[in-house]
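All chains are named by letter (A, B, ...) in the order of the sequence lines, taking the proteins before the strands, and each is independently numbered beginning at 1. Please read all numbers here as calculations on a predicted model, not as lab measurements.
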Protein chains: 2
Amino acid sequence: MNNYMQIHKYLKQFDIKPSVQRTAVMEYLLAHKTHPTIEEIYASLSPQMPTLSKTTIYNTLNLFVDKGAVLQLAIDEKNARYDADISDHAHFMCNSCGKVYDLFSLNKELFKKPALEGFDINSVEISYSGICSSCKNLN
Amino acid sequence: MNNYMQIHKYLKQFDIKPSVQRTAVMEYLLAHKTHPTIEEIYASLSPQMPTLSKTTIYNTLNLFVDKGAVLQLAIDEKNARYDADISDHAHFMCNSCGKVYDLFSLNKELFKKPALEGFDINSVEISYSGICSSCKNLN
DNA sequence: ATTAAAATTACAAAAGATAATCATTTATTT
DNA sequence: AAATAAATGATTATCTTTTGTAATTTTAAT
């Protein structure tokens, strides 16, 4: 089975009807764990798919988020960023270079949903920001 | 000492030069712990200060955030929200009504900055979202 | 295989939030 | 008080995201 069909199957697990565009976006997200913005995804895919529109990227990602297949990160106030890794992990954003790092090794207790009387918690987002080591070593 | 002077003193603690506008914005934030948006702050203050401009609200809040006097929350993707309570606490945003709740009673361990090799962490943001009890009881 | 209906996509335009510019006002220093 | 610096306000510009609508593609039915 080729990669394209694997992603079809993957999308169907989230109750998402596959299309060429949706498959391409998910393939991109699974291959680029850099928490890309809409713009980056569009810029990367549009050469191969000249008719692709940015609206479709927006629609597709909103659908993915609704279906729980992708996380929309709020860590970057400027642009929404997307992450196909939906396992428990936190993020660190560098205020200098803007890069978003994954933090997998934190205590899993952090991601537990606290019991809040009468509240239903859907999502937990843990974000750190500061200066990354690359930027720190530049001066 | 009146309230206006108290806020003057408070701003100076953060190395912020007080002005009529800055004092009014900080006074508003200290009195309204609802994590207001720029728009809400402007709408509330502008009747009393007819010449107040939205630019000043933006400038003032950016200054407050830079000086560490106010937190800018990323929890709401639509608008930046501001919080004058800079003590360790998390937030819950209701996806139905949009209200942002404070969560003070969580384990303080959550707010510890993890040791990341070579990284300097400035800020920690812990955000939950879902449906609040008021909205849950509406249907 | 045709046709009709539904879903998806694409383009254009609009809306909304934030930033940049610059003139004006206010505060500070000499 | 004059000169300088800082803060404010009005306007404009930019950028992200959403919306409306039409075209296209897919699905289902005959």
Heavy-atom nearest nucleotide on DNA chain C taken for A/V20 and for B/E39; more 5' hit belongs to A/V20

Starting at atom CD of B/E40, determine the distance to atom P of C/dT18, rounded to an integer number of angstrom. 12 Å

Looking at A/Y58, does any N or O in its side chain come under 4.0 Å of the phosphate oxygens OP1/OP2 on D/dT18? no

Would you say a side-chain N or O of B/S19 is under 4.0 Å from OP1 or OP2 of D/dA7? no

If you compare every side-chain N and O of B/K54 against the phosphate oxygens of D/dA10 (OP1, OP2), does one of them come in below 4.0 Å? no

Tell me the interatomic distance from B/L63, atom CG, to D/dG9, atom P, rounded to whole angstroms. 14 Å

Please state how far atom CG in B/N79 lies from atom P in D/dT18, giving the value in whole angstrom units. 12 Å

Taking side chain as C-beta onward, heavy atoms only, is B/V25 less than 4.5 Å from B/I57? yes

Measure the distance from CD on B/E77 to P on C/dG16 and round it to the nearest whole Å. 18 Å

Distance in angstrom units between B/I57 CD1 and D/dA7 P, rounded: 16 Å

Output field: ring centroids A/Y101/B/F119 closer than 6.0 Å: yes

Contact between A/L63 and A/R22 at the side-chain level, heavy atoms closer than 4.5 Å - yes or no? yes

Of the listed C/dA10, D/dA10, D/dT17, the closest approach to the B/T55 side chain comes from D/dA10

Out of C/dT9, D/dT8, D/dT11, which nucleotide sits closest to the side chain of B/N59? D/dT8

Looking only at side-chain atoms of A/K17, point me to the closest of D/dT8, C/dA7, C/dT9. C/dA7

Output the rounded distance in Å from CG (B/L52) to C1' (C/dT24). 16 Å

Quickly work out the B/L73 CG to C/dA17 C1' distance and round it to whole Å. 17 Å

Roughly how many Å is it from OH in A/Y42 to P in D/dT16, rounded to a whole number? 13 Å

Is A/T51 near enough to C/dA10 that one of its side-chain N or O atoms lies under 4.0 angstrom from OP1 or OP2? yes

Output yes when at least one side-chain N/O atom of B/N62 is less than 4.0 Å from OP1 or OP2 of C/dA19, else no. yes

Looking at every non-hydrogen atom in both residues, tell me the closest pair between A/S87 and A/D85 and how far apart they are. OG-OD1, 2.6 Å

Is the backbone N or O of A/I75 less than 3.5 Å from a side-chain atom of A/R81, with the two atoms forming a donor-acceptor pair by type? no

Name the residue closer to the 5' end of DNA chain D, choosing between B/Q21 and B/K78 according to the nucleotide with the nearest heavy atom. B/Q21

